[in-house]
Amino acid sequence: MLQIRRILQFRLQGKSNREIARELHKSRNNVNEYVKRIESTGREITELLKLTDEELSSHLYPSNPPVPADWRGADLMYRLPYFNDELRKPHATRIILWEEYRRKVPDGYGYTQFCEHLNRFLLPQKAVMHMEHEPAASMMFDFAGDKFKLVDFETGEITLHPVLVCTLPFSAYTYVEILPKATRVFLIKALNNAFSYFGGVPLIAKTDNMAQVVKKANRYEPCFDEMAEQWAAHYGCSLMASRVRKPRDKASVESHVNVAYNRIYAPLRNEVFHTIEQANEAVWQQLDILNARKMQRQDYSRRDRFMLHEKPFLLPLPAESFVPKTKIIATVQRNYHIVLGEDWHHYSVPHIYLGKKVQVVYDERNVEIYLDLARIACHQRDYRRNGHTTVHDHMPPNHRFIASIKGWDPEYFSEKAAGIGVHTQKVVDRVLAQKRFVEQTYNSCLGILRLGDKYGPDRLEAACKRALVGSRVTYTMIKDILERNLDKAPVQADLFEFIPLHENIRGADAYK
């Protein structure tokens with residue numbers, strides 16, 4: 001309209017179309033066309049200059065005569081809401097809907113016009129809203145769709161592991177970690193690491209309806225898992241779940257999953273990793289580069305924006321990270337053990353609680369067993385499948401004895417005897433050497449050592465010293481010496497030092 005007003009002003013000054021075209025740097029044909037439109041209005045130039053742009057436009061560009069309405073357009077507009085609902089159903093496509101439409105309306109629109117009208121109807125529903133996020137208000141987290149590949153060093157087996165992406169929407173500051181499994185325990189541990197990486201806690205932790213966190217999805221009041229509630233209470237933040245199948249509710253983390261693909265997955269695509277620890281080290285190196293990189297069309301990085309405008313508003317971290325605990329009910333079996341079904345490992349309790357129902361509270365490090373709110377056993381967690389963790393004091397007395405037998409060996413008895421005296425050790429060593437199978441001598445050695453409990457170590461040492469004079473030593477011999485108090489009598493060593501000559505005794509010469 002500015003050009004038209006300039007033409008009106010020049011015409012009022014009496015300039016020709018050629019001069020006007022030269023002044024405005026326009027073609028003469030364009031100026032001629034504008035002048036024709038001005039003259040066709042039948043109004044004075046001064047009058048036209050007083051009009052507003054809209055009024056002037058209405059005089060120069062009168063509206064075209066209305067096009068007669070096509071019955072097909074009205075009919076299709078009536079059907080479009082139905083087609084919109086049908087497209088949301090699985091496996092429904094535009095071509096199928098168009099074929100159904102043409103069967104009902106044989107003279108209706110062709111496929112191209114059908115899609116054009118349908119797209120125009122759907123376009124307003126695809127409008128997106130720009131959200132302004134407050135600093136430290138929320139953290140969004142989600143699993144990446146593409147898992148991370150690890151290769152077993154020995155077998156070459158390829159395993160796929162889930163990747164957790166956490167981001168703060170205000171600053172886009174991001175944390176990424178590879179998990180061994182997508183279970184609740186590993187997820188909670190990774191979220192702990194995310195808060196440690198951020199150096200604080202946001203007011204809200206928001207995710208989609210992942211089963212590890214949300215027990216029952218609901219648009220207005222989702223029900224969260226008990227462990228997730230404990231985690232949120234430990235850090236002093238609130239849990240929030242997005243609507244089902246509404247990824248735009250957590251658009252920040254959805255977009256940063258793609259960022260992770262481009263800035264973390266891609267640089268590591270040609271590297272081979274054998275352990276999760278090794279892979280996470282490489283991921284965190286790329287993550288530091290990502291957070292320090294200037295954002296597109298900005299003169300600052302994610303880290304700059306986070307450190308300046310968001311970190312001061314984060315809630316402080318608690319003194320210790322949250323340790324997820326799980327509580328189950330178990331029955332004490334006849335072997336005075338309970339079974340932790342998650343690992344299928346057996347843990348002992350005192351044998352007096354056979355058949356009792358007990359509560360088992362465990363985390364990644366410890367297993368505690370309670371009966372009526374009293375702790376009756378505590379073990380370090382063992383992940384060996386079908387293994388047994390047994391405390392010696394939990395066994396009945398006869399089982400303790402059997403267990404102790406399993407630990408017997410010659411060195412055990414020799415050390416025990418050495419603690420009493422030199423002669424006792426020599427007696428035990430001679431007893432151990434008397435049988436072809438040394439295990440057959442264990443009971444004899446045990447009996448000799450127990451004589452020390454009954455008669456005292458000094459008398460046992462004296463009895464062993466006396467028994468060593470003979471050529472053979474047995475448990476019965478030691479016992480007889482102690483029962484007859486012979487250990488207290490002096491040893492007549494001269495009786496055994498030589499054998500007197502006698503004509504009935506043959507020597508070595510008789511066997512040549």
Side-chain angles (χ1 to χ4, degrees), residues 130-150 161-180 182 186-208 235 237 247-248 250-318 321-322:
H130 174 71
M131 300 295 294
E132 291 289 344
H133 297 281
E134 296 294 329
S138 66
M139 178 192 77
M140 299 182 182
F141 61 96
D142 196 7
F143 285 113
D146 296 344
K147 297 185 177 181
F148 204 88
K149 180 174 67 176
L150 298 182
H161 296 266
V163 178
L164 181 70
V165 179
C166 306
T167 187
L168 299 173
F170 173 79
S171 62
Y173 200 52
T174 304
Y175 176 77
V176 181
E177 182 176 344
I178 304 171
L179 279 60
F186 290 114
L187 172 63
I188 293 295
K189 186 176 180 180
L191 292 175
N192 293 346
N193 295 339
F195 282 168
S196 298
Y197 183 80
F198 296 145
V201 181
L203 296 176
I204 297 173
K206 186 175 184 179
T207 182
D208 59 5
Y235 284 102
C237 65
R248 287 179 180 170
K250 50 183 181 60
S252 295
V253 69
E254 292 287 345
S255 64
H256 277 78
V257 168
N258 291 325
V259 172
Y261 292 155
N262 298 331
R263 296 298 180 183
I264 296 178
Y265 280 56
L268 302 177
R269 65 188 183 280
N270 295 323
E271 298 189 30
V272 178
F273 302 99
H274 303 294
T275 65
I276 289 181
E277 293 77 13
Q278 180 187 17
N280 271 327
E281 286 297 328
V283 165
W284 292 333
Q285 289 179 6
Q286 297 299 324
L287 182 64
D288 288 339
I289 297 174
L290 168 65
N291 285 325
R293 182 188 184 94
K294 289 187 184 299
M295 301 175 70
Q296 191 173 10
R297 294 188 294 273
Q298 303 292 345
D299 59 352
Y300 55 83
S301 66
R302 291 173 171 83
R303 179 174 287 117
D304 295 337
R305 185 171 172 83
F306 169 75
M307 297 299 293
L308 289 175
H309 304 293
E310 187 160 27
K311 187 173 182 180
F313 298 98
L314 291 173
L315 300 176
L317 288 168
S321 297
F322 175 77

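- Residues Val163 and Tyr265 form a side-chain contact, since some pair of their non-hydrogen atoms from C-beta on lies under 4.5 Å apart.
- Every residue meeting the side chain to side chain contact (heavy atoms under 4.5 Å, CB included) condition with Val257, not counting sequence neighbours, appears here in chain and number order: Ala144, Val165, Tyr261.
- The heavy-atom pair separating Leu317 from Ser196 by the smallest distance is CD1-CA, 4.1 Å.
- With values rounded to the nearest 0.5 angstrom, Met140 atom CE is found 12.0 Å from Thr174 atom OG1.
- Considering all non-hydrogen atoms of both residues, Phe198 and Cys166 come closest at CZ-O, 4.2 Å.
- Using a 4.5 Å cut-off on side-chain heavy atoms (C-beta onward), Ile276 and Leu150 make contact.
- The aromatic ring centroids of Tyr235 and Phe195 lie less than 6.0 Å from each other.
- For Arg305, the salt bridge (Lys or Arg N to Asp or Glu O under 4.0 Å) test picks out no residue, with sequence neighbours left out.
- Under the side chain to side chain contact (heavy atoms under 4.5 Å, CB included) criterion, Asp304 pairs with Tyr300, Ser301, not counting sequence neighbours.
- Using a 4.5 Å heavy-atom threshold, the side chains of Leu268 and Gln286 count as touching.
- When every heavy atom of Leu179 is checked against every heavy atom of Ala190, the shortest pair comes out as CD1-CB, 3.8 Å.
- Here the closest non-hydrogen pair linking Pro312 and Met307 is CD-O, 3.7 Å.
- Ring pair Phe170/Phe306: centre-to-centre distance not below 6.0 Å.
- Taking each heavy atom of Arg302 and His256 in turn, the nearest pair found is NE-NE2, 3.4 Å.
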| message | Run Asp288 and Arg303 through side-chain contact (heavy atoms from CB on, under 4.5 Å) and show every step you take. | response | CA-CA 9 Å; Asp288 288 339; Arg303 179 174 287 117; 3.6 Å; yes
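- The shortest side-chain heavy-atom distance between Val176 and Ile264 falls under the 4.5 Å cut-off.
- The backbone N or O of Leu290 lies less than 3.5 Å from no partner atom in the side chain of Arg293, so there is not a single donor-acceptor pair.
- A 4.5 Å side-chain heavy-atom check between Phe143 and Leu187 finds at least one atom pair inside the cut-off.
- At a threshold of 4.5 Å between non-hydrogen side-chain atoms, the residues Asp142 and Glu254 count as touching.
- Tyr197 is listed as a side-chain neighbour of Asn291, based on a closest heavy-atom distance under 4.5 Å.
- The environment of CD in Gln298 is crowded: more than 12 heavy-atom neighbours from other residues, nucleotides or ligands sit within 6.0 Å.
- Aromatic pair Phe141/Tyr175: centroids not less than 6.0 angstrom apart.
- Panel note: side chain Thr207, backbone Ala205; no donor-acceptor pair is recorded below 3.5 Å.
- For the atom pair Tyr173 OH and Leu168 CG, the distance stands at 9.0 Å (nearest 0.5 Å).
- A 4.5 Å side-chain heavy-atom check between Pro169 and Ser138 finds at least one atom pair inside the cut-off.
- What you find for Ile178 and Ala279 is that their closest heavy atoms are CD1-CB, 3.6 Å.
- With Asn192 contributing its side chain and Phe322 its backbone, the two residues share a donor-acceptor pair below 3.5 Å.
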